[in-house]
Amino acid sequence: MIAIASDHGGYALKEILKEHLAGRGIPVEDLGCGGESVDYPVYAEKLCRAVAAGQYERGILVCGTGIGMSIAANKIHGIRAALCGDCFSAEMSRQHNDANVLCLGGRVLGTELAKKIVDTYLDTGFSGAEHHARRIAMIKELEN
Ligand code: RB5
């Protein structure tokens with residue numbers, strides 16, 4: 001199960017992505033917002049704490065640019081959030097960084113590109129290579 005959340009700037013893309021994921025048979029839980037004007041750190045925290053607690057395998061956060069969500073998400077212990085605007089970055093975020101949250105800019109991306117980025121992100125696994133695992137362990141050390 002994956003979680004998705006947005007602020008008002010990401011709401012329209014979030015709705016499109018939910019439909020896309022449903023079409024692929026991927027279970028997704030929407031943690032808000034409902035389109036009203038909200039503060040994105042609230043939704044970044046809600047989703048990231050749930051992902052960090054193991055409630056969801058991974059999360060997707062959408063705001064206007066994806067920047068605010070990614071800054072907030074990366075403050076949460078255990079979260080490696082990747083702001084992606086292309087499929088190569090989405091692939092690498094999984095293979096090299098084992099990113100557990102994907103951030104997207106709803107006012108930046110076209111819908112077809114956004115869907116492709118999400119598919120790439122969800123369909124790619126961590127490489128498991130020792131040097132990447134070591135670097136992720138080093139990132140975790142930074143949290144202490
Ligand atoms: C909201 O207007 C906007 O600032 C937000 O969606 C996001 O782009 C922040 O980084």
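What you see is a predicted model, and the numbers here were worked out from it, not measured in a lab. First listed ligand is number 1; within each ligand, the first listed atom is number 1. Along the sequence shown, the residues carry numbers beginning at 1.
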- Message: Determine whether D7 and K14 satisfy the following criterion, salt bridge (Lys or Arg N to Asp or Glu O under 4.0 Å), listing intermediate values before the conclusion.
- Response: CA-CA 9 Å; D7 72 352; K14 180 181 71 172; over 6 Å; no
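- Summary of contacts: the protein heavy atom closest to atom 2 (O) of ligand 1 is R107 NH1, 3.4 Å.
- In terms of polar-atom proximity, defined here as any N/O pair under 3.5 Å, D7 does make such a contact with ligand 1.
- At the shortest separation from atom 9 (C) of ligand 1 among protein heavy atoms lies Y40 CE2, 3.5 Å.
- In this structure, E112 pairs ionically with K115, as a charged nitrogen and a carboxylate oxygen lie closer than 4.0 Å.
- By the 3.5 Å distance cut-off applied to N or O atoms, C63 is not counted among the residues near ligand 1.
- Pairs of residues two or more places apart, or lying in two chains, never qualify as ring pair (Phe, Tyr, Trp, His ring centres under 6.0 Å) while including a residue from residues 45-87.
- Open room surrounds CG on D39; 12 or fewer heavy atoms of other groups in view lie less than 6.0 Å from it.
- A ring pair (Phe, Tyr, Trp, His ring centres under 6.0 Å) check over residues 113-142, counting only residues at least two apart or in different chains, returns the pairs H96-H132.
- Proximity of H8 to ligand 1, defined as any heavy-atom pair under 4.0 Å, is confined to the side chain (atoms from C-beta onward).
- Looking only at protein heavy atoms, the nearest one to atom 8 (O) of ligand 1 is T65 N, 3.0 Å.
- Against a heavy-atom cut-off of under 4.0 Å, G64 is close to the following atoms of ligand 1: 5 (C), 6 (O), 7 (C), 8 (O).
- For M69, the heavy-atom gap to ligand 1 stays at 4.0 angstrom or more.
- The neighbour count for M138 CE, taken as heavy atoms of other residues, nucleotides or ligands under 6.0 Å away, does not exceed 12.
- Distance remark: protein heavy atom not present below 4.0 angstrom from atom 4 (O) of ligand 1.
- The single protein non-hydrogen atom nearest to atom 10 (O) of ligand 1 is G68 N, 2.8 Å, given as residue, atom name and distance.
- For NZ of K116, the number of neighbouring non-hydrogen atoms (other residues, nucleotides, ligands) closer than 6.0 Å is 12 at most.
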